[in-house]
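I have placed the structure first, in the form of structure tokens, so that the comments after it can refer back to it.
All values below come from the heavy atoms of this structure, side chains included, with hydrogens, waters and symmetry mates left out. Numbers here simply count residues along the sequence, with the first being 1.
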Amino acid sequence: MPYPSLASKLPDVGTSIFSVMTQLAQDSGAINLAQGFPDYDPPRPLLEALARHVLTPGHQQYAPMPGLPRLREAIAAKTARLYGYAPDPASEITVTSGATEALYAVLAAVVRPGDEVLILEPAYDLYAPAVRLQGGVPVYVPLLLPNFRPDWDQVAAALTPRTRLVMINSPHNPTGATLTSTDLDTLAELLRPTPTLVLSDEVYEHMVFDGEPHRSVVGHPELRERAFVLSSFGKTYHATGWKVGYCVAPPALTMELRRVHQFVTFSVSTPTQHALADVLPDTSLYDSLPAFYQQKRDLFRELLAATGFRLLPVQGAYFQVADFQAIAPDLDDETFARRLTQETGVAVVPVSAFYHNRQDHQLVRFCFAKQDATLRAAAERLQQL
């Protein structure tokens, strides 16, 4: 009996590079600095809150589709405290199954076949496939090396009447670059005469270094009126496996997001939402993150100073991009990453994986969201290169 054929919607997309390198790390016994997750646990108060709510009668059933009211109220208070704007918990905040689901739901809600979506590259590898699945057309604008700054003239040139959405990410994955208030003002000026929307991926919002604040689109009065802003509790509380995030957007945009969200996941784990609502008012748990991760950044950079890597600047997030040309001038970044994993015992991600055309600048990405002992052990291996 013949089987029906299936034409793939993403025929050129294979397994994520993060999964590939993590599997290679496991197979090789390498220290995994490739995939972006911590090797330490969430804060104890959050774990205790979750255990408490798992045992609470009535907390095992569906939460309301937009999220628990008490969690959305806590998000609104946090947003007001940090960015000077208090979104309406009822009509402007939606709790999602991680920022990944929020991003997909936004694109499914607003992108129609033929719509163009501007993506600044290098970019997280989810962006373009999610656009294409909606029938949208990714339009790529390169960030400028070595600091990965936006070239706003190129962004302006890429805008057309078909541009439905501009995607931005700050702090940036994979490079750790951050947007300034001037950047946001420039983007607002470019979009002012257009109906183009903004999707702002801000999952690393609490990891900005050297005394600088995070410049959120939520805090920009003009941009927030046309923006979906995504955040991640997984990143904030070292709990990436919990997959809880949220989206802040104006009421009309939130309504469209929820039309999709209700048919993708409907609602997010009820006891987890209660636990997050319990700890979110403790501002010290996220206020301490810039110093916590800056110490790891500085330690890792100090440890790698004795290697042949040339380290690029890191303003935020928990990634270090490094140029390996002095170590292996004749290797492309994917080959180098595989050899580093298998022969040196440290897994990294080739930065070409963040470009749609696999553009190779001989750069790799390390994740430094690891215990100090893990970073020291990795550095000892890298110093043997």
Side-chain angles (χ1 to χ4, degrees), residues 16-18 20-22 25 30-38 119-127 140-151 168-179 201 203-204 207-210 212 235 293-329 331-341 344 346-370 374-375 378-379 381-383 385:
S16 163
I17 188 64
F18 310 107
V20 169
M21 297 309 298
T22 291
I31 297 171
N32 188 359
L33 302 188
Q35 198 161 5
F37 59 81
I119 299 174
L120 306 182
E121 282 196 315
Y124 185 48
D125 68 345
L126 166 68
Y127 293 177
Y140 303 99
V141 179
L143 295 167
L144 301 176
L145 277 69
N147 296 324
F148 295 97
R149 300 289 307 145
D151 183 332
I168 58 176
N169 174 207
S170 178
H172 185 252
N173 179 14
T175 71
T178 58
L179 295 178
D201 179 351
V203 299
Y204 300 102
M207 302 161 203
V208 180
F209 310 136
D210 304 313
E212 292 295 320
K235 301 297 190 296
Y293 279 110
Q294 182 171 331
Q295 179 271 329
K296 293 188 177 298
R297 177 200 68 173
D298 294 347
L299 171 64
F300 191 55
R301 290 175 67 88
E302 178 184 339
L303 292 169
L304 292 195
T307 71
F309 289 103
R310 181 174 66 87
L311 305 181
L312 276 63
V314 180
Q315 298 170 312
Y318 47 50
F319 303 113
Q320 173 66 64
V321 171
D323 183 319
F324 63 84
Q325 188 171 8
I327 299 172
L331 293 184
D332 63 84
D333 65 354
E334 185 170 348
T335 300
F336 179 78
R338 289 180 178 274
R339 288 192 184 179
L340 195 69
T341 303
T344 306
V346 178
V348 295
V349 173
V351 171
S352 64
F354 297 87
Y355 287 91
H356 74 286
N357 58 359
R358 296 286 177 171
Q359 190 171 356
D360 180 12
H361 296 289
Q362 292 189 298
L363 301 173
V364 291
R365 189 199 77 174
F366 297 91
C367 173
F368 57 77
K370 309 295 177 183
T374 304
L375 298 176
R381 299 183 182 187
L382 295 170
Q383 288 164 4
L385 288 170

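- Neither side chain, D360 nor S352, offers a donor N or O lying under 3.5 Å from an acceptor on the other.
- Between P122 and L143, the closest side-chain pair of non-hydrogen atoms falls below 4.5 Å.
- Atoms NZ and CE, from K235 and M207 in turn, are 8.0 Å apart once rounded to the nearest 0.5 Å.
- How far CG of N32 is from OG1 of T22: 4.0 Å, rounded to the nearest 0.5 Å.
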TODO: Could you walk me through whether L304 and L311 pass side-chain contact (heavy atoms from CB on, under 4.5 Å), step by step?
DONE: CA-CA 8 Å; L304 292 195; L311 305 181; 3.9 Å; yes
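- Taking the six-membered ring where the residue is Trp, the centroids of F354 and Y124 are separated by 6.0 Å or more.
- Here the straight-line distance linking atom CG of L312 with atom CZ of F319 works out to 15.0 Å at 0.5 Å rounding.
- Of all non-hydrogen atoms in L120 and I168, the two that sit nearest each other are CD1-CG2, 4.3 Å.
- Between V351 and V321, the closest side-chain pair of non-hydrogen atoms falls below 4.5 Å.
- The shortest distance between side-chain heavy atoms of R301 and V314 falls below 4.5 Å.
- Side-chain atoms of T341 come within 3.5 Å of backbone atoms of A337 as a donor-acceptor pair (strictly under, hydrogens ignored).
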- [ ] Determine, step by step, whether V364 and F309 satisfy the side-chain contact (heavy atoms from CB on, under 4.5 Å) criterion, reporting the C-alpha distance in whole Å, the side-chain angles of both residues, the deciding distance to 0.1 Å, and the verdict.
- [x] CA-CA 10 Å; V364 291; F309 289 103; 4.3 Å; yes
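- Neither side chain, N169 nor Y204, offers a donor N or O lying under 3.5 Å from an acceptor on the other.
- For the pair T175 (side chain) and A177 (backbone), a donor-acceptor distance under 3.5 Å is present.
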- [ ] Starting from the C-alpha separation in whole Å, work towards a yes-or-no answer on side-chain contact (heavy atoms from CB on, under 4.5 Å) for T374 and K296.
- [x] CA-CA 11 Å; T374 304; K296 293 188 177 298; over 6 Å; no
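- Between the side chain of Q383 and the backbone N or O of L303, at least one donor-acceptor pair lies under 3.5 Å.
- Interatomic distance, L33 CG to R365 CZ, rounded to the nearest 0.5 Å: 10.0 Å.
- A distance of 11.0 Å separates CZ in F366 from CD1 in I31, rounded to the nearest 0.5 Å.
- Without hydrogens or angle criteria, K370 side chain to F37 main chain gives a donor-acceptor distance under 3.5 Å.
- Between F336 and F324, the angle of the ring planes stays under 30°, which puts this pair in the parallel group of the 30/60° scheme.
- Although no hydrogens or angles enter the test, the distance criterion places no donor-acceptor pair under 3.5 Å between the side chain of D210 and the main chain of E212.
- Minimum interatomic distance between P313 and N147 (heavy atoms only, all atoms of both residues): CG-OD1, 3.3 Å.
- At distances below 3.5 Å, not a single donor-acceptor pair connects side-chain atoms of H361 with backbone N or O atoms of D333.
- For Y140, the ring pair (Phe, Tyr, Trp, His ring centres under 6.0 Å) test picks out H356, with sequence neighbours left out.
- Taking all atoms of both residues into account, the shortest heavy-atom contact from M21 to A347 is O-CB, 4.2 Å.
- Here Y318 and Y293 bring their ring centres to under 6.0 angstrom of each other.
- Although no hydrogens or angles enter the test, the distance criterion places a donor-acceptor pair under 3.5 Å between the side chain of Q315 and the main chain of T178.
- Here the shortest heavy-atom pairing between C367 and G36 reads SG-CA, 3.8 Å.
- By the 6.0 Å and 45° rule, R297 does not stack over the aromatic ring of F368.
- Residues that satisfy the salt bridge (Lys or Arg N to Asp or Glu O under 4.0 Å) test with R149, not counting sequence neighbours, are D183.
- Between atom CG of residue L385 and atom CZ of residue R339 there is a gap of 12.0 Å, rounded to the nearest 0.5 Å.
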